[in-house]
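Encoded as structure tokens, the structure appears first; notes follow it.
What you see is a predicted model, and the numbers here were worked out from it, not measured in a lab. Naming: A, B, ... by sequence-line order, numbering from 1 per chain.
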2 protein chains.
Amino acid sequence: MPQELKHPQPRSDRRKRMGGQIQREIMQLILDRGLRPGAVLPTETELMDDLGVSRNSVREALKALQALDIVEIRHGYGTYVGEASLTPLADGLTFRTLVQLGGDDAHALTEILQVREILEEGLVSRVVKSIPEEDLDELDAIVARMMTRAGQGEVFPEEDREFHEVLYRSIGNTLVPQLLGAFWNVFHRVAGARGWAKDPSPTGTARRHKEIVAALRARDRERVQAAMTTHFRGIEARAGKAMRGVG
Amino acid sequence: MPQELKHPQPRSDRRKRMGGQIQREIMQLILDRGLRPGAVLPTETELMDDLGVSRNSVREALKALQALDIVEIRHGYGTYVGEASLTPLADGLTFRTLVQLGGDDAHALTEILQVREILEEGLVSRVVKSIPEEDLDELDAIVARMMTRAGQGEVFPEEDREFHEVLYRSIGNTLVPQLLGAFWNVFHRVAGARGWAKDPSPTGTARRHKEIVAALRARDRERVQAAMTTHFRGIEARAGKAMRGVG
DNA sequence: TAGTATTTGTGCGTATGTATG
DNA sequence: TCATACATACGCACAAATACT
């Protein structure tokens, strides 16, 4: 019964703040202060005072921003401006693909592969004339490692990832490897979550990568395009077989 | 010092749960129960009991999932499974671009435009032979509206957006328009946040769209590619001028 | 090596706004 | 109009992690 005035702020001031408003205020605070990725953010207590909201509200907003990789929270230490990477994209696409597969539509993964193929076809066309010899040497070394592993019946996801990263390094676009990496992550996480079999023919996969490098060395755009298309036909075959086996 | 046993649960049970663990459990719950987008989620109270955590923890996890568009929260009504759209990607890229521009690096927007250009070049190559006549008619109608608006000195962002959506409709890939839409949003939100001038030559922009449709009607791949490239040179000119003017 | 201060993580109780019936 | 159910928000207390003394 005694509930006198327990409100530190008059009611009229502290309502109508819902709907991601606090998140946007924190983002604006970062922009206004010119904070860069890695910079330290005000503590939760300071944000409470600055924004005039409770600690729970601040924490919920920070959690949302953390999910977008806009802030980075370290327990017992502080909160920092994040890199705004494409991790959220990978998370969202993975979830979406699994949810749609859970129904009976195995189309989502094919769509992601198609986008990745379009991207990579356009990318190789742009590097075929300009990729430096040293990058080609590095690609040869990666393919050699692939061959070795394939000869032992092993699979080589790390080399595969590295291959495509080096392949487009000379573009000088930081968004490209992140985007491709996100797609790559989705594919492998979905494959893992559904318990799909590994690459049934590592040797063939390694050979297709080798052909891409050879075509690049020849500076032959047509041949590079064809090699890349063949490479994706191999991936689709794996995915298609697995999806048919499950669905 | 009297801090007897105020813990409703023994300490050994409820620790080691941090780091997005609750979020993953909720995602797994959705997948396990086969819930589809739009399906109703358990209430916060039910999630508290199911996961054995407090309401604050549940709410923070739900807020994070909401930021990823994995769940949708409706005030006073309930929580639902979300569409897992690419809204988080647009949010993250927008923030990232603004943060980098805040430094002095105007490169981020150029990178996004480059990725979009590569994607659209590959996409038009795939539709040039297969896009149905009725879609071309629709594109003609959109271009006509562009021309009308341009003649009145107006700008036409909505028509621009619609154009590219109809253009790739026949691909049948739902990810493509979402991805392009996300990039489109980033560009215009960044432009708006920096107070950039509108398109200085709407007539020229409309004419470039018209040429794309004409090239598609001729089913001439080379010409379509060239028209698309010209279209992006126009966008880059706008962005470049604005960025130079600000930076 | 131990202790303390700071900061984030968690839990609980409660009041309030909102939509449904 | 009223009652119910739910999300939203606030405030407090304590746990746990980290840094610094």
Atom [atom1] of [X] and atom [atom2] of [N]: how far apart are they, to the nearest Å?
X       : N     : atom1 : atom2 : answer
A/Leu47 : D/dA9 : CG    : P     : 16 Å
A/Gln21 : D/dT8 : CD    : P     : 15 Å
A/Lys63 : D/dA9 : NZ    : P     : 17 Å

Taking only Lys NZ, Arg NE, NH1 and NH2, and the carboxylate oxygens of Asp or Glu, determine whether [X] and [Y] approach each other closer than 4.0 Å.
X        : Y        : answer
A/Glu138 : A/Arg169 : yes
A/Glu165 : A/Arg161 : no
B/Arg33  : B/Asp50  : yes
A/Arg24  : B/Asp91  : no

So, for A/Thr174 and B/Glu111, which heavy atoms are closest and what is the spacing to 0.1 Å?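 Nearest heavy atoms, A/Thr174 then B/Glu111: OG1-OE1, 2.7 Å.
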Hey, which of these two, A/Asn56 or A/Gln66, hits DNA chain C nearer its 5' end, going by closest nucleotide?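 Nearer the 5' end of the strand: A/Gln66.
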Whether B/His164 and B/Tyr168 hold their rings parallel, tilted or perpendicular, with breakpoints at 30° and 60°: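 B/His164 and B/Tyr168: tilted rings.
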Report yes if a side-chain nitrogen or oxygen of B/Ser57 is closer than 4.0 Å to either non-bridging phosphate oxygen (OP1 or OP2) of C/dG11; otherwise report no.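 For B/Ser57, the contact criterion (side-chain N or O under 4.0 Å from OP1 or OP2 of C/dG11) is met.
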Can you pull every protein N or O that's under 3.5 Å from an N or O on nucleotides 5-8 of chain C?
from, atom 1, to, atom 2, distance (Å)
C/dT8, OP1, A/Thr79, OG1, 3.2
C/dT8, OP2, A/Glu44, N, 3.1
C/dT8, O4', A/Gly76, N, 3.3
C/dT8, O2, A/His75, NE2, 3.1

